[in-house]
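Note that the numbering runs from 1 along the sequence shown for the chain.
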Amino acid sequence: MLNLNKAVHAYPSVGQNQLQHKTGQTAFYQKLQVTAGQLALPELLFIIQQHQQQSGWVLLLAPNQLPDKSTFSGFDLDMSKVLVIQQKQISNIHTVLSDALSSSTCSAVVVWQDQFSESSLQHYQQLAEQHQTCFYQLSSDAVKAQTTTPRIAVSH
């Protein structure tokens, strides 16, 4: 089993204070740049590793690819705490996201969504902070995220 404490590193392109100011990120919200159409494995490994010791689910909401448990084999992760809700199971992403962020059963919510309106994003950030649920937005919006978002690298 790979020890992720040694394997996962964040490489911010700017200082943390600058990052929070430029992107509006908070202690409970992070927007991460991912490659369009990819599972975002390094980011998921990092997020799951960060939250597996907390009580509550790590909710993967509408992933662009369905993660396979075998993808995560070889990493020291507790996958029994990961819950996936597929896009086809969601009639309204905004309702599901609001419910998940305000639920006491989720320690982290990961959503694959490039664009939210400014008011929606502020609402989600407020819910995340109010309920102390970490909110990760995985975005393939390269123009906005490329210069301000930390990349996460996993070494084997």
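For Q54, the side chain to side chain donor-acceptor pair (under 3.5 Å) partners two or more places apart in sequence, or in a different chain, are H51. Legend: residues meeting side chain to side chain contact (heavy atoms under 4.5 Å, CB included) with Q89, ordered by chain and number and at least two apart, are I85, Q86. A search for side chain to side chain contact (heavy atoms under 4.5 Å, CB included) contacts involving D78 returns Q52, S80, K81, not counting sequence neighbours. Taking the side chain to side chain donor-acceptor pair (under 3.5 Å) definition, one finds that S91 meets it with nothing, sequence neighbours left out. For S55, there are no side chain to side chain donor-acceptor pair (under 3.5 Å) partners two or more places apart in sequence or in a different chain. Considering only residues two or more places apart in sequence or on other chains, H94 meets the side chain to side chain donor-acceptor pair (under 3.5 Å) condition with Y124.
Heavy-atom minimum distance, I90 versus V96: CG2-CG2, 3.9 Å. The two residues S98 and S102 come nearest to each other via the heavy atoms O-OG, 2.8 Å. The minimum heavy-atom distance between A128 and L101, with the atom names listed, is CB-CD2, 4.2 Å.
Between L32 atom CG and S139 atom OG the span is 9.5 Å, to the nearest 0.5 Å. From S117, atom OG reaches atom NE2 of H123 across 10.0 Å, with rounding to the nearest 0.5 Å. Interatomic distance, CG of L138 versus CH2 of W112, reported as 5.5 Å (0.5 Å rounding). Between the SG atom in C134 and the CD atom in Q50 there is a gap of 9.0 Å [rounded to 0.5 Å]. For the atom pair CG (L121) and CD (Q126), the distance works out to 10.0 Å, reported to the nearest 0.5 Å. The CG atom of L83 sits 7.0 Å away from atom SG of C106, with the distance rounded to the nearest 0.5 Å.
Remark: aromatic rings of F28 and F135 are distant, center separation not under 6.0 Å.
Residues V111 and F116 meet the side-chain proximity criterion, which asks for heavy atoms closer than 4.5 Å. By the 4.5 Å heavy-atom criterion applied to side chains, V82 and L60 are counted as neighbours. The closest side-chain heavy-atom distance from L77 to L45 is below 4.5 Å. By the 4.5 Å heavy-atom criterion applied to side chains, L97 and V109 are counted as neighbours. With contacts defined as side-chain heavy-atom distances shorter than 4.5 Å, the pair V58/L44 does not qualify.
Judged by distance alone, the side chain of S103 and the main-chain N or O of D99 form no donor-acceptor pair under 3.5 Å. Proximity of a side-chain donor or acceptor of Q137 to a complementary backbone N or O of Q113 within less than 3.5 Å is detected.
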